[in-house]
Amino acid sequence: MSEKLPQEYDAETTTGPVASPLTSHSLAKSLTNGELYRTETAETLKTQLSRQGTADVNFPFATEISDLAEFPDEYIAETVTGLVPLQSIRSFRRVPTIPELEKGIEDIEYVTFKIGDPENPMNWNTTFKWFITMLVSVLVIAVAFGSSCVTGGLGLIEEKYNVSLEVSILTCSVMVIGFAVGPLAWSPLSEQYGRRPIYVFSLFLYTIFNIPCALSPNIGGLLACRFLCGVFASSGLVLAGGTIADIWPMAHRGNAIAYFAAAPYAGPVFGPLICGWINVGSHRLDLIFWVNMAFSGAMFIAISAIPETYAPVILKRRAAKLRKETGNSNIMTEQERLKAPLSEIIRTVLVRPILLIMTEPVLDLMNTYIILIYSLLYAFFFAYPVIFQELYGYNDGMIGLMFIPILIGAMLALVTTPLLEKLYTKTISRRRPTPEDRLIGSMIGAPFVPIALFILGATSYKHIIWVGPSSAGLAFGYGMVLIYFSVNNYIIDSYEKCAASALAAKVFTRSAGGAAFPLFTTQMYQNLGLQWASWLLAFISLAMVTIPFGFYRYGSHLRSIWGNSAKYSNDMQ
């Protein structure tokens with residue numbers, strides 16, 4: 001009789017038990033470090049996993065058939081051996097037998113991180129984690145800067161290409177439209193190939209496409225290249241939050257996101273602030289794009305230097321290495337076993353966000369609020385030139401300085417967001433949280449937006465010093481960041497099971513609003529007057545204040561009766 005494991009009497013293992021299915025795989029082949037090839041059993045998993053598997057936000061929703069996942073926590077789990085047989089996980093979680101469609105599926109072994117694994121991004125040094133967090137925050141600022149940099153030189157575009165102001169404004173709008181299109185590709189590609197390759201590929205092309213922007217002989221070429229810049233740069237916007245989620249455990253992720261929250265909204269402010277002075281000092285449109293290219297190129301180099309952070313891809317690479325070393329073709333990740341077909345990926349990436357927009361009133365109302373705040377930010381870029389040129393005769397450089405209070409307001413919000421996160425942590429220590437607990441920040445920030453616009457309108461007179469209208473930016477910057485931070489978390493918590501699709505719907509609609517508002521802001525201020533144009537936006541913002549307060553009070557009930565939010569959120573079960 002042949003022995004299945006002849007080394008059993010001489011071997012010493014960490015766990016003791018050795019899963020019997022593995023003994024049929026090349027008879028206990030050795031790994032590179034010389035350790036005996038062993039895997040987990042249902043018994044050893046008791047001390048390492050929960051009975052109920054829960055996917056984290058870094059679960060590959062777009063590229064794995066999540067409905068069939070039996071080991072959704074594979075990417076956040078750590079086990080002693082780093083290998084978990086499918087039969088062990090089924091036995092441990094008492095998963096009922098399902099019809100098998102693949103020959104030999106009972107011999108599959110899933111790869112996990114080992115306990116204390118240095119390749120697990122969650123185990124990286126805290127200082128290094130904060131370095132990556134700050135780096136991706138600066139990347140978002142660089143991308144947002146690129147979208148608004150042209151606002152400091154609209155007159156140069158009119159002069160060089162002999163076009164109207166409306167056409168020159170399109171150079172800003174088309175890049176923001178690119179922000180809406182790009183994430184549809186970058187999100188699923190990052191789940192398949194990792195964050196780092198997508199960063200490197202897209203940011204390299206973003207940097208390169210600034211060259212034709214600087215040298216374009218006609219407005220059509222400039223608009224086309226600006227759109228492509230938006231498509232490629234959008235990877236920074238859509239993947240930065242995922243990178244933070246990759247390296248911070250849930251308990252500490254909130255604090256990292258809290259400091260990151262200002263980047264998407266404070267970033268665009270640097271565009272007119274810096275490029276306005278480039279316009280005044282050099283009167284060169286191409287220099288604006290060269291500066292943007294230098295900024296994006298520096299971020300491309302910096303981001304290229306950091307290692308891969310996306311756990312599913314790290315484990316896929318480890319599984320491929322183990323298959324080669326052991327000769328066992330059944331070692332894999334669940335993402336590889338349950339790889340979604342292209343049709344399913346397209347449905348998840350393209351159809352589901354549209355479906356959510358069409359069927360989820362809760363998401364639509366929150367998206368409407370985000371659209372308003374994002375659109376108002378871009379409206380400021382075109383309202384300020386009208387206001388400060390007409391009232392004080394300021395040039396583009398001086399007008400850029402008027403945006404500094406918005407930055408100050410955003411920085412003040414960064415002092416508040418960690419306090420909100422601590423409040424939330426205390427709440428979940430006392431009871432089970434609900435998505436509505438995330439709305440405290442938006443309730444604090446919501447009144448500041450109409451207040452800012454009322455101040456802007458009330459102080460837009462020649463006899464009032466520039467401090468009056470400029471100070472409106474303080475209140476707007478503060479309210480803007482708090483609203484974004486709060487509502488973004490509310491959407492994630494409300495649609496936990498399809499958070500990626502819900503956020504994709506938010507990015508798409510937000511970018512559409514940000515692209516549209518600049519096209520009529522200048523005319524609105526010219527036709528309605530400096531006061532009533534601001535007051536009209538103020539009254540709209542005032543009406544929107546009711547959204548966070550209403551949902552804080554009635555949100556749970558509304559989510560239970562409107563659409564299908566109950567099946568998307570764990571708190572409704």
Side-chain angles (χ1 to χ4, degrees), residues 144 257-269 273 365-381 383-384 387 402-424 436-460 464 466-491 506 510 513-514 517 521 530-553:
I257 293 291
Y259 289 108
F260 167 78
Y265 283 76
V269 177
L273 176 61
L365 282 171
M366 287 301 170
N367 279 345
T368 301
Y369 203 15
I370 289 289
I371 291 170
L372 174 68
I373 302 304
Y374 195 66
S375 300
L376 285 175
L377 175 61
Y378 278 87
F380 269 69
F381 299 148
Y384 270 27
I387 293 172
M402 299 300 104
F403 289 96
I404 292 178
I406 297 180
L407 285 176
I408 296 174
M411 294 305 105
L412 291 174
L414 289 187
V415 178
T416 307
T417 46
L419 299 178
L420 293 172
E421 194 60 32
K422 289 181 180 179
L423 178 63
Y424 180 75
E436 285 67 39
D437 293 323
R438 293 291 195 179
L439 292 176
I440 300 295
S442 61
M443 291 192 293
I444 296 173
F448 283 92
V449 175
I451 288 173
L453 291 165
F454 278 123
I455 292 174
L456 183 62
T459 57
S460 295
I464 297 179
W466 61 267
V467 175
S470 179
S471 64
L474 281 169
F476 179 74
Y478 184 76
M480 170 184 67
V481 173
L482 288 184
I483 292 170
Y484 172 76
F485 170 72
S486 180
V487 173
N488 199 62
N489 283 330
Y490 180 78
I491 292 174
K506 180 208 70 175
R510 180 191 71 180
F517 252 64
T521 299
L530 304 185
Q531 293 77 38
W532 277 105
S534 295
W535 289 339
L536 173 62
L537 296 176
F539 282 117
I540 295 174
S541 302
L542 185 62
M544 299 293 283
V545 169
T546 59
I547 291 179
F549 285 92
F551 272 91
Y552 184 77
R553 177 66 177 84

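What's counted below: heavy atoms across the whole structure, side chains too, no hydrogens, waters or symmetry copies.
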Enquirer: Counting heavy atoms not belonging to Y552, are there more than 12 under 6.0 Å from its OH?
Expert: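 Incorrect, the count does not exceed 12.
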
Enquirer: Given 3.5 Å as the limit, does a donor-acceptor pair link the side chain of S486 with the main chain of R438, or not?
Expert: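 Judged by distance alone, yes, a pair lies under 3.5 Å.
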
Enquirer: Does the side chain of F485 come within less than 4.5 Å of T416's, by heavy atoms?
Expert: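 No, too far: nothing below the 4.5 Å cut-off.
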
Enquirer: Would you call L474 and I455 a side-chain contact if the rule is heavy atoms closer than 4.5 Å?
Expert: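 No, side chains not in contact.
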
Enquirer: Donor-acceptor pair, S375 side chain versus L372 backbone, under 3.5 Å?
Expert: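 Checking the backbone N and O of L372 against the side chain of S375, no donor-acceptor pair under 3.5 Å is found.
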
Enquirer: First locate atom CG of L414, then atom CG of L482, and finally report the distance between them rounded to the nearest 0.5 Å.
Expert: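 Answer rounded to 0.5 Å: 9.0 Å.
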
Enquirer: Under a 3.5 Å cutoff, is there a donor and acceptor pairing between the side chains of Y378 and T521?
Expert: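 There is no such pair between these side chains.
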
Enquirer: For F381 and F403, take the angle between the two ring planes, folded into 0 to 90°, and tell me which bin it lands in: parallel under 30, tilted 30 to 60, perpendicular over 60.
Expert: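 Correct class here is tilted.
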
Enquirer: Parallel under 30°, tilted from 30 to 60°, perpendicular over 60°: which one fits the rings of Y265 and Y484?
Expert: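 Answer is tilted, since the angle falls between 30° and 60°.
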
Enquirer: With heavy-atom distances below 4.5 Å as the criterion, would you say the side chains of I406 and M480 are in contact?
Expert: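 Counting from C-beta outward, I406 and M480 do come under 4.5 Å.
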
Enquirer: For L453 and F380: C-alpha separation, side-chain torsions, deciding distance, then whether side-chain contact (heavy atoms from CB on, under 4.5 Å) applies.
Expert: CA-CA 10 Å; L453 291 165; F380 269 69; 4.0 Å; yes

Enquirer: Please check this pair: side chain of S470 against backbone of W466, looking for a donor-acceptor N/O pair closer than 3.5 Å.
Expert: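 Not a single qualifying donor-acceptor pair exists.
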
